[in-house]
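See below for the structure under consideration.
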Protein chains: 2
Amino acid sequence: MIPTRSTSEIPGAPLPSPSHPIDAAPARRPGGRSAQVRRRVLDAVRDQLVEQGYDALSVDVVADRSGVHRTTVYRRWRDVGGLLADVLAEATGDDWSPPDTGSLEGDLVAVNREVHAALTGDPPITTALIAASFRSEQAGEALRLFWADRYARCSVIVRRAVERGEVPARTDARRLLVAATAPLYHEMVLLRTPAGPDLVERWAGDAATAARAGAFAAAGAADPMTDPG
Amino acid sequence: MIPTRSTSEIPGAPLPSPSHPIDAAPARRPGGRSAQVRRRVLDAVRDQLVEQGYDALSVDVVADRSGVHRTTVYRRWRDVGGLLADVLAEATGDDWSPPDTGSLEGDLVAVNREVHAALTGDPPITTALIAASFRSEQAGEALRLFWADRYARCSVIVRRAVERGEVPARTDARRLLVAATAPLYHEMVLLRTPAGPDLVERWAGDAATAARAGAFAAAGAADPMTDPG
DNA sequence: TCCTTAACGCGACGGATGTAGCGATAAGAT
DNA sequence: ATCTTATCGCTACATCCGTCGCGTTAAGGA
């Protein structure tokens, strides 16, 4: 779900708006040395995260690995959360698209499989980002945007299910998707229950059943009688 | 959901097992001065949390407030997470019991109202504990036990619903409860969507609808046809 | 080519965090 | 009352964290 590519690309990316001196400065120097610094630092963040994990991630370590000076990293990213936020911002703009298996339940299972993989992945990058989101405003906002984007892209799953007649026409896409995925996050991230892969299918199935019963119908049309199935 | 009483009670509580020297030492001095130190420290943690919030919580501040020396706090609780874990352990043993409104949906709404209140409460103690659970093994384990206890107590809600004939007999209590509450946690804690109080009733209603449709039936009996309603 | 200036490198600092060693105190047993 | 020892208080120390001020470098325009 969150790519971990460590390939050093050509710079060119815009600066992440330093945010402390909010002078609305138009970022006059987007290319060249600054971009090179950014690339080295973000690569160092990813590498460090992959090799040593979240606990070993600090501004100083990243500065050492990247060869960029401590103060520079502090100035541009403020803290670890800012670094992760920038890494995440890069990942948000990818070309991910939700699976298309031919059935609502199949799609939900596939999505949940990706969530499960992201949450059990080693090193635990996703968990690290969640943890960081509680400490850094920047990381929290970046993660919020990332998830909002993902759920928006997934709405096509529900649209297709409606077209197939699997669920009521007024089914709210976001509610259904949250119903399918939230329990997985809840169990694995907050409740920390030993979650076997069977949970993935169970919650997807429960959500599909609920949707067929008209549970997520918008407006006042929560009546299963309107179900065309 | 998590009491915040700051009343200085009589000591008597057992020591929180220092955990670093795991010599299986039988904690030979459970009463007296040590207990008094514990009481002063835990009260200081709660007071500090209520007055200044999580960001202003550190071992040094707690030590100052309580009048107990820095090193003593470090020795017995290791870090902030350990302190919060001990506070939480005290709260876990309370006499909370789930609401009984007379209907499944009413009970679920009432539970979700408590969750909502806990997550929006100021100061954000629950959020603080969640954040701490990512940093401290002790805090994480304490929170895990706390939630496991709460969900177990709530299973009576489903039992009553089954007896009333509201849901299939084989409905899995935990799955239903997680389906009702997880989306609320997900939206408010992870997704950070601006969550109005209407979400509370919506998710409870969706879960109730799903349960009536036989979504959470155990074993292979997930067929709505077996629904006695 | 020269000039302006944003961004970086550098050393130093003040404060917070966490640990070690050692003596003092009091709990609990005899 | 006396003894043993777990626990606490204290000082000192090492490290990490984040910031400040100033000199240097190089990007982009004239």
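Chain letters run A, B, ... following the sequence lines, proteins first, then strands; residues in each count from 1.
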Roughly, in whole Å, what's the span from CG in Leu83(A) to C1' in dG18(D)?
14 Å
So, is Ser34(A) near the phosphate of dA7(C), with a side-chain N or O under 4.0 Å from OP1 or OP2?
no
Could you tell me the separation between the CZ atom of Arg76(A) and the C1' atom of dA6(C), rounded to a whole number of Å?
11 Å
Validation row: Thr193(B), Leu199(B) side chains within 4.5 angstrom (heavy atoms)
no
Do the side-chain N or O atoms of Arg38(B) get closer than 4.0 angstrom to the phosphate oxygens (OP1, OP2) of dT7(D)?
no
Do Trp77(B) and Asp86(B) get their side chains close enough for a donor-acceptor pair, meaning under 3.5 Å?
yes
Enumerate the residues from residues 63-70 of chain B whose closest heavy atom to DNA chain D is under 4.0 Å, giving them by residue number; use none for an empty result.
Val68(B), His69(B)
Stepwise salt bridge (charged side-chain N to carboxylate O under 4.0 Å, His left out) test for Arg202(A) and Asp206(A):
CA-CA 6 Å; Arg202(A) 182 181 298 174; Asp206(A) 286 346; 6.0 Å; no
Quick check: Trp147(A) with Tyr185(A) (ring centres under 6.0 Å apart)?
yes
note: Asp60(B), atom CG; dT19(C), atom P; distance rounded to Å ~ 12 Å
Would you work out how much the helix from dT1(C)-dA30(D) to dT30(C)-dA1(D) bends between its ends, with each end axis defined by five base pairs, to 10 degrees?
30°
Tell me which pairs pass ring pair (Phe, Tyr, Trp, His ring centres under 6.0 Å) where either residue lies in residues 111-137 of chain A, with sequence neighbours left out.
Phe134(A)-Phe134(B)
Separation of atom CG in Asp79(B) from atom C1' in dT17(C), rounded to whole Å:
11 Å
Phosphate contact (dA6(C) OP1 or OP2) by Arg75(A) side-chain N/O below 4.0 Å:
no
Please tell me which of Val61(A) and Val73(B) maps to the more 5' nucleotide of DNA chain D, matching each residue to the nucleotide holding its nearest heavy atom.
Val73(B)
Tyr54(A): what forms a ring pair (Phe, Tyr, Trp, His ring centres under 6.0 Å) with it, not counting sequence neighbours?
none
The criterion is salt bridge (charged side-chain N to carboxylate O under 4.0 Å, His left out); which residues satisfy it with Asp55(B), sequence neighbours excluded?
none
So does Thr71(B) reach the base of dC10(D) with its side chain, donor to acceptor, closer than 3.5 Å?
yes
With a 4.0 Å limit, can you tell me whether Tyr74(B) has a side-chain N or O closer than that to the phosphate oxygens OP1/OP2 of dG18(C)?
yes
Side-chain ion pair, Glu90(B) and Arg46(B), N-O less than 4.0 Å:
yes
Nearest whole Å is fine: how far is dC17(D) P from Arg78(A) CZ?
16 Å
Could you check how far CH2 of Trp77(B) sits from P of dT17(C), rounded to whole Å?
17 Å
side-chain hydrogen bond (donor to acceptor under 3.5 Å, both in side chains) filter on Arg159(A), not counting sequence neighbours, yields none
